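This chain uses plain numbering: 1 for the first residue, then up along the sequence. Since this is a predicted model, take the numbers as computed values, not measurements.
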Amino acid sequence: MTNDRKHRRSPKSPLLSAAKHHRHHRRDSAFDAAEVGFSGASFTGAVFNLSTTIVGAGIMALPATFKQLGLIPGVTLIIFAAILTEVSIDMILRFSKSSKSSSYAGLAGDAFGGFGRTVLQVCIVVNNLGMLVVYLIIIGDVLAGTWTEGVHHRGVMEEWVGDHWWTSRSSLLLLTTVFVIAPLISFKRVDSLRYTSALSVGLAVVFVAITAGVAIVKLLEGTIRMPVLFPEVVDQASFWKLFTTIPILVTAYICHHNVHPIENELTDPSQMKSIVKTSLFLCSSVYVATSFFGFLLFGEETLDDVLSNFDGDLGIPYSSVLDDVVRVSYGVHLMLVFPIVFFSLRLNVDGLLFPYALPVAYDNKRFFSLTVFLMAFIFLGANFVPSIWDAFQFTGATATISVGYIFPALIALRDNQNIATKKDRLLSWLMILLAVSSSTVAILSDMYSFFVPTKGHKS
């Protein structure tokens, strides 16, 4: 039992003093299970919650990465990213157990002090804010439509009821925020979202199944051809463009910020490693299937947000119905994913602003003030960020790589508890090398592509 939990269970303990002396052990889960009569989360519920954290908006950009990379490099990198993610999470879990840290930020604080904890929390906040802005952008694309490469892709509300003031993008996002997202982000325990998480995973599978079914039918009819196996590099600009896909692949697996909140609520915390492996296998399967069949179906017409491709004739019977089912199901999926990522965002913002206070769930005023402020910021961001590709590239090449790979590697190399093996050190240097080099190249290639657009591609 950690020191912080002992203090919280004793009403006579000097809580604030303990927090000051044990800042990096500040418990960042919402509630102590024993204090609210909660018996603990199940293995299945934890798998759904972690899988939902992973399968968010990243899946929509993966078919576009296949268009850039080709089939074989695309599949290879998806699997490689999953393996690297499992390695980094395993490091976090082992070093957290050794240092008795109950949060990722607490582990960073144990390794590098208050400065390290703060830097990690900033990275998590930037990563989660970027992801949540992307979620709202895609929800807006689904409901109200979007402009991509000079072409207007109609939203489902525009198709169903026509063009009205209340079907505008900002109006629909506001209604969705108030009546759907706001109630879900008001829960103070992550396990409360297990049923919505299960539904969100199911809706992601629906999307994959429909995409695969349509692609297979058209392939058998001979109306589409197999996708290219390797990238087509025609000039220097197209070569550098390949590296802009790296932040997308990195972002697709980031769930490190929710590992501890989920583990803290488990009936049996020793199950967490199996939960991570199960979730990564499930999500990798969904990612490979979505990327392959999405690219197979739309080929070179695959857009940065593949959902935007589902607004026209698919060339099969009931095409318009299938379009609507795909878009609505994934739009609802993102609405259900939103609170899982928001949960971690709120905890880390609270940790940055109120490092010595009791957990935010114990203070209703602070809880709801932070919730409203963060939601307003995300809402404004979703109305001004131009595309999900822009958001993914920015957060993926900076904060996301730091949260997913650089910090776990640095913690293992720091090795305050003297438990790191030679394998840990080797993998840590490998992760740092890959993270720093890929991030640098991705940022430089983004700048290059901005000034020298690839032939046949419009920025």
Side-chain angles (χ1 to χ4, degrees), residues 53-54 58-59 61-62 64-66 68-95 104 107-108 111-112 116 119-120 122-124 126-127 130-131 230-231 233 239-257 259 276-277 279-281 283-284 287-288 291 389 392-415 420-449:
T53 305
I54 298 171
I59 192 174
L62 286 176
T65 67
F66 272 41
Q68 299 287 346
L69 296 172
L71 183 60
I72 292 179
V75 172
T76 302
L77 287 177
I78 285 178
I79 295 173
F80 178 73
I83 295 172
L84 211 57
T85 300
E86 182 183 347
V87 169
S88 63
I89 294 177
D90 179 68
M91 287 181 177
I92 291 173
L93 292 174
R94 285 191 290 111
F95 283 87
Y104 192 4
L107 176 60
F112 304 107
V119 172
L120 175 62
V122 169
C123 289
I124 293 175
V126 171
N127 172 74
M131 290 175 67
F230 294 96
V233 180
F239 171 76
W240 287 110
K241 189 72 177 177
L242 299 177
F243 294 95
T244 64
T245 62
I246 294 174
I248 311 298
L249 293 167
V250 171
T251 303
Y253 281 106
I254 292 301
C255 60
H256 303 62
H257 48 83
V259 168
V276 171
K277 290 181 179 180
S279 299
L280 287 174
F281 177 79
C283 296
S284 299
Y287 282 169
V288 170
S291 304
W389 196 268
F392 272 136
Q393 286 175 336
F394 171 72
T395 60
T398 54
T400 305
I401 282 181
S402 298
V403 172
Y405 303 108
I406 293 179
F407 262 97
L410 290 177
I411 289 168
L413 292 174
R414 181 76 168 183
D415 192 21
T421 64
K422 290 183 179 180
K423 181 180 178 181
D424 289 331
R425 296 187 181 91
L426 179 62
L427 289 173
S428 295
W429 283 116
L430 176 62
M431 284 196 294
I432 291 175
L433 176 63
L434 290 174
V436 173
S437 59
S438 63
S439 177
T440 302
V441 173
I443 292 172
L444 292 176
S445 61
D446 277 342
M447 296 172 61
Y448 187 89
S449 298

Under the side-chain contact (heavy atoms from CB on, under 4.5 Å) rule, what do Phe407 and Leu107 come out as? Steps first, then yes or no, please. CA-CA 10 Å; Phe407 262 97; Leu107 176 60; over 6 Å; no
Test item: Ser291 side-chain N/O and Val288 main-chain N/O as donor-acceptor pair under 3.5 Å: no
Of the non-hydrogen atoms in Pro408 and Met91, which two are nearest, and what is the gap between them? O-SD, 4.0 Å
Once rounded to the nearest 0.5 Å, what's the spacing between atom CD1 of Ile401 and atom CD1 of Ile254? 8.5 Å
Mind checking the CG-CD1 spacing from Leu427 to Ile432? Nearest 0.5 Å is all I need. 11.5 Å
The reported gap from CG in Leu120 to CG in Leu410 (rounded to nearest 0.5 angstrom) is 10.5 Å
Check residues 73-90 and write down every donor-acceptor pair under 3.5 Å in which the side-chain atom is one partner and the other belongs to a residue at least two apart or another chain.
{"unit_1": "Thr76", "atom_1": "OG1", "unit_2": "Ile72", "atom_2": "O", "d": "2.8"}
{"unit_1": "Thr85", "atom_1": "OG1", "unit_2": "Ala81", "atom_2": "O", "d": "2.7"}
{"unit_1": "Thr85", "atom_1": "OG1", "unit_2": "Tyr405", "atom_2": "OH", "d": "3.1"}
{"unit_1": "Ser88", "atom_1": "OG", "unit_2": "Leu84", "atom_2": "O", "d": "3.4"}
{"unit_1": "Ser88", "atom_1": "OG", "unit_2": "Thr85", "atom_2": "O", "d": "2.8"}
{"unit_1": "Ser88", "atom_1": "OG", "unit_2": "His256", "atom_2": "NE2", "d": "2.8"}
{"unit_1": "Ser88", "atom_1": "OG", "unit_2": "Gly404", "atom_2": "O", "d": "3.1"}
{"unit_1": "Asp90", "atom_1": "OD1", "unit_2": "Lys273", "atom_2": "NZ", "d": "3.3"}
{"unit_1": "Asp90", "atom_1": "OD2", "unit_2": "Arg94", "atom_2": "NE", "d": "2.9"}

Please check if the side chain of Asp424 supplies one atom and the backbone of Ala412 the other of a donor-acceptor pair under 3.5 Å. no
Looking only at heavy atoms, what is the nearest atom pair of Ile124 and His257, with distance? CG2-CB, 3.8 Å
Would you say the side chain of Arg425 lies within less than 4.5 Å of the side chain of Asp415, judging by non-hydrogen atoms? yes
Might you work through the side-chain contact (heavy atoms from CB on, under 4.5 Å) test for Tyr104 and Val259, ending with a clear yes or no? CA-CA 8 Å; Tyr104 192 4; Val259 168; over 6 Å; no
Apply side-chain contact (heavy atoms from CB on, under 4.5 Å) to Ile92 and Ile411, showing your working. CA-CA 8 Å; Ile92 291 173; Ile411 289 168; 5.7 Å; no
Would you say Tyr253 and Ser284 make side-chain contact, with heavy atoms under 4.5 Å? yes
